[in-house]
Trainee: 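Sending over a structure as structure tokens; questions will come in a sec.
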Amino acid sequence: MVEKIVRSIPSGSVMTYGEVALRAGHPAASRAVGNIMSRNNDETVPCHRVIRAGGKVGGYNGIRGGKSKIELLREEGYLLWI
DNA sequence: ATAATGACGTGAT
DNA sequence: AATCACGCCATTA
């Protein structure tokens, strides 16, 4: 389950959608993974730790008000921008 | 049950 | 390096 996988991502580390999909047993469900997260944003699942391949951040649910994925990742120490 | 969608990925231009 | 097009899968309408 993607949910479980993402939940097991340690702070300070990130995992690509492809990796999550692979770990979930679906090597080519990278897209579906993102889709699942988008509809299912659980507080128990740090979906902000899931980024695109190549280290690109990708999208997020919050591009609206709160903190962006980048902000959260920076808080955790992965993206040390600036 | 079928069609359309999207927080992706890779390869080709 | 940047952009375009195609493929793939699960969810949703």
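Protein chains get the first letters and strands the later ones, always in sequence-line order, with residue 1 at the start of each.
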Trainee: I'd like to check the salt bridge (charged side-chain N to carboxylate O under 4.0 Å, His left out) partners of A:E75; sequence neighbours left out, ordered by chain and number.
Mentor: none
Trainee: Is it the case that the side chain of A:T16 and the backbone of A:E19 share a donor-acceptor pair, with hydrogens and angles ignored and the cut-off at 3.5 Å?
Mentor: yes
Trainee: Walk along DNA chain B from 5' to 3' and tell me the first and last nucleotide with an atom closer than 4.0 Å to a non-hydrogen atom of chain A.
Mentor: B:dT5 to B:dT10
Trainee: Mind listing the residues from residues 12-34 of chain A sitting with a heavy atom below 4.0 Å of DNA chain C? Number order is fine.
Mentor: A:H26, A:A28, A:A29, A:R31, A:A32
Trainee: Return the residues of residues 46-57 of chain A meeting this criterion: a heavy atom under 4.0 Å from some atom of DNA chain C. Order them by number, or give none.
Mentor: none
Trainee: Given side chains that start at C-beta, do those of A:Y60 and A:I70 come closer than 4.5 Å, heavy atoms only?
Mentor: no
Trainee: If you walk 5' to 3' along DNA chain C, what is the first nucleotide with an atom under 4.0 Å of a heavy atom in chain A, and what is the last?
Mentor: C:dG7 to C:dT12
Trainee: Show me the side-chain donor-acceptor pairs of residues 25-37 of chain A shorter than 3.5 Å, one per line, residues at least two apart or across chains.
Mentor:
none

Trainee: Is there any salt bridge (charged side-chain N to carboxylate O under 4.0 Å, His left out) pair reaching into residues 33-49 of chain A, and which pairs are they, with sequence neighbours excluded?
Mentor: A:R49-A:E76
Trainee: Show me the donor-acceptor pairs, under 3.5 Å and distance only, between side chains in residues 4-15 of chain A and residues at least two apart or in other chains.
Mentor:
{"residue": "A:R7", "atom": "NH2", "partner": "A:E3", "partner atom": "OE2", "Å": "2.3"}
{"residue": "A:S8", "atom": "OG", "partner": "A:I5", "partner atom": "O", "Å": "2.5"}

Trainee: Per the side chain to side chain contact (heavy atoms under 4.5 Å, CB included) rule, which among A:L72, A:V57, A:I51 passes with A:L79?
Mentor: A:V57
